[in-house]
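Here the structure comes first, spelled out in structure tokens, and everything after it is commentary.
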Amino acid sequence: MALSGVEIFKLLPKTNCKKCGHPTCLAFAMKLAQRQVSLDLCPDVSEEAKQKLGEASAPPIRPVSIGSGDRLIKMGEETVLFRHEKKFINPCAFAVEIKDTQSHEEIESITQEVIDSEIERVGQRLRIDAIFVSNASGDGAKLQEAVNIVLKKAPQVPLIIHTEDPTSAEGAAKIAKDNRPLLFGANEANAEAMAKVAKDLKIPLGVNAKGLEALSALTDKIKSLGVEDMVIDSGARTAKEILADNTCIRRAAIKKGIKALGYPIITFAQRSDAMLETMIASLGVAKYSSIVVLSSVQKWKSLVLFTLRQNIYTDPQVPMQVEQKIYKVGEPGQDAPLMITTNFSLTYFIVTGEIENSKVPARLAVMDSEGLSVLTAWAAGKFTASKIAAFIQESGIENEISNKELIIPGYVAILSGAIEDKLPGWKITVGPREANAIPTFLKTR
Ligand code: SF4
């Protein structure tokens, strides 16, 4: 169970020495209780207190990672039930299933689709994160062959190896162990042997049991066998079961401090109906899954899921925004058009993308509107004629351009006269309302 600030304070040295960077032990204790600082900052804490506080300050959902390097997948570490309380930390990963019964060519082709799934959206690289190789054949040699094909084509992509046979598990996981795969398939019947494989290879173990009671008993058992890093599956497969189990698991871990359920969750969304699969996967993204397994890579499906994941895992209290400045798109000369917009990330990336599409080099003045889009910023008084005029004057842009013309978004056409009054010598032109009209607008000027 999490300790309160006062309970933590009782375990600290109470000397108020300030070595931790806080004025008093109580102030430090309060920050510890909110998980905003690490206990390491206090050099004088006793071993006994360290042990007690270490357990209490550990995240209620254990951090577990798979893969390595740039594509490392971090899971767990969440501390809240709802994203308006605090930002969710580690975004849910998407894995695509490959069955070892598929042909060499099919396995290579799906692996290539995973590599090609990467897109950029609002400045972030988004992709299918992992490959889930399942031992559908029941043959250990076939599983190893499939793992080898994937590794040869995409050694950097994290792997989840699925088998319930400990001998097959050991053979396949050994091949991939340098890339820290997740070995999935431990259950009540094979727990000892699977735990031994995971422990010997120092890799995380995926644990499956039907229902939360059986699952927590199993994770306790596997922990006692020396495996700390686990990913859990309660056997939920329908939308109703996934919603109920995932919510109960997150509540149990965070509100009740039940360590046996404090692990990242894996959800299986595979369906023959792609629309239904996308809806089940979306439920997993919204409700606490750390890994969602899909049956295939399809661009439309990826776009839906990537966008949802990006929305869920951004900080709702901090709008996504870009730096206020004058951006160059292409290599604008002195007479290139100068446009202005707000610094909401989505607005910036969409407008920049459309200027690029026009093939007309231009400058884009991006004004700080605290991350609000054009109309919202205007309504909130953050994108006004005075503020626009002040920004343009302070930017010094008039020394870099030969014709003082500023193109404003069509949605704030109403501001054109007022901006002209406040920016003497400038011509204010009303641009398109929607960004997708920018290419035609710029090309026909
Ligand atoms: Fe208290 Fe430790 Fe901070 Fe010193 S370093 S003020 S003893 S918490």
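Read the numbers this way: they start at 1 and go in the same order the structure lists the ligands and their atoms. Any value given below was found using the heavy atoms of this structure, including those in side chains, with hydrogens, waters and symmetry copies removed.
In this structure, Lys325 satisfies the cation-pi test against Tyr327, with its NZ or CZ atom closer than 6.0 Å to the six-membered ring centre and inside 45 degrees of the ring normal.
For Phe9 and Phe28, the ring centers are positioned 6.0 Å apart or more. Aromatic pair Phe383/Phe344: ring centres not closer than 6.0 Å.
Residue pairs meeting the side-chain hydrogen bond (donor to acceptor under 3.5 Å, both in side chains) criterion with at least one member in residues 120-130, sequence neighbours excluded: Glu118-Arg125, Glu118-Arg127, Glu120-Arg125, Arg121-Gln310, Gln124-Gln310, Asp129-Arg309.
Considering only residues two or more places apart in sequence or on other chains, Asn311 meets the side-chain hydrogen bond (donor to acceptor under 3.5 Å, both in side chains) condition with none of them. For Ser117, the side-chain hydrogen bond (donor to acceptor under 3.5 Å, both in side chains) test picks out no residue, with sequence neighbours left out.
Within the protein, the number of N, O or S atoms lying under 2.8 Å from atom 1 (Fe) of ligand 1 is 1.
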